[in-house]
Amino acid sequence: MKNRRRFFLQSLLWASLAVMVVGSCNGGFDLPPTTEQNMIATAAENPELSTFLFAINKAGLTNALSTQGPFTVFAPSNQAFLESQLNLNLMTADSLQDIPVYHVLSGRYLTSLLERDSIPTFSPDNYLFFRGQNNRISINENTKITTANIEATNGVIHIVDRVLIAEQN
């Protein structure tokens with residue numbers, strides 16, 4: 001009788017522990033970040049994102065991406081900006097702001113959540129369209145994620161190979 005009770009209590013304990021662990025993982029899709037830095041500090045550690053950080057700063061979005069969130073940012077590489085032939089130095093802060101906000105989503109989206117979806121950006125009435133699987137995701141058909149799931153305390157960054165330009169409404 002004591003062994004049955006002990007077995008029952010141990011089973012109950014293990015089952016409770018399993019429920020707590022699985023429940024805290026949010027379905028296995030969005031684990032807590034392993035970094036202690038916000039998105040701006042995390043991006044600043046990557047020399048490939050210096051032009052994107054320049055655009056964020058000039059557009060006046062540094063504070064928002066440092067203190068708010070969670071966000072998902074599709075950050076064009078320096079090479080992507082070079083190939084886009086955009087001259088960020090000649091753009092005003094207001095005109096430049098349209099570009100980075102089209103690269104930002106509300107919420108934390110790891111690539112496993114982007115396989116077939118359309119998600120609104122912070123650019124009014126504009127969406128990003130995703131296709132693919134197994135970390136081979138394309139955005140708006142011709143943009144590729146080159147480095148995925150760079151986690152920060154307030155979101156996740158994906159480096160992309162093109163500057164995304166919102167369609168004019």
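Given the structure is predicted, the values throughout are model-derived calculations rather than measurements.
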How close do [X] and [Y] get, heavy atom to heavy atom, and via which atoms?
| X | Y | result |
| --- | --- | --- |
| F52 | A75 | CD2-CB, 3.6 Å |
| F130 | I137 | CD2-CG2, 3.9 Å |
| K58 | N89 | NZ-O, 3.1 Å |
| L49 | P76 | CD2-O, 3.8 Å |
| L61 | Q97 | CD2-NE2, 3.5 Å |
| A152 | T42 | CB-OG1, 3.6 Å |

Could you check whether any side-chain N or O of [X] sits under 3.5 Å from a backbone N or O of [Y], counting only pairs where one atom can act as donor and the other as acceptor?
| X | Y | value |
| --- | --- | --- |
| Y109 | V73 | no |
| N149 | T111 | yes |
| D161 | T146 | no |
| S77 | E48 | no |
| N126 | T121 | no |
| S66 | I40 | no |

Using the benzene-type ring in the case of Trp, are the ring centres of H103 and F74 under 6.0 Å apart?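 So the answer is no for these two rings.
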Roughly how far, to the nearest 0.5 Å, is [atom2] of [Y] from [atom1] of [X]?
| X | Y | atom1 | atom2 | result |
| --- | --- | --- | --- | --- |
| N46 | I157 | CG | CD1 | 8.0 Å |
| N63 | I56 | CG | CD1 | 12.0 Å |
| N154 | N38 | CG | CG | 5.5 Å |
| L128 | T143 | CG | OG1 | 9.0 Å |
| I99 | L164 | CD1 | CG | 10.5 Å |
| L113 | R108 | CG | CZ | 11.0 Å |

I165 with Y127, same ILVMFWY side-chain cluster at under 4.5 Å: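 Each belongs to a different hydrophobic cluster.
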Answer yes or no: are there more than 12 heavy-atom neighbours, outside F54 itself, under 6.0 Å from its atom CZ?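 Counting other residues, nucleotides and ligands, CZ of F54 exceeds 12 neighbours.
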Taking the side chain as C-beta and beyond, is there a heavy-atom pair between T72 and H158 under 4.5 Å?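 The answer is yes; the side chains approach within 4.5 Å.
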Within-4.5 Å side-chain heavy-atom neighbours: I119 and L114: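 Contact flag for I119/L114 side chains = yes.
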Test of understanding: with ring-ring contact (aromatic ring centres under 6.0 Å, His included), list the residues that count as partners of F71, not counting sequence neighbours.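 F71 satisfies ring-ring contact (aromatic ring centres under 6.0 Å, His included) with F122 once adjacent residues are dropped.
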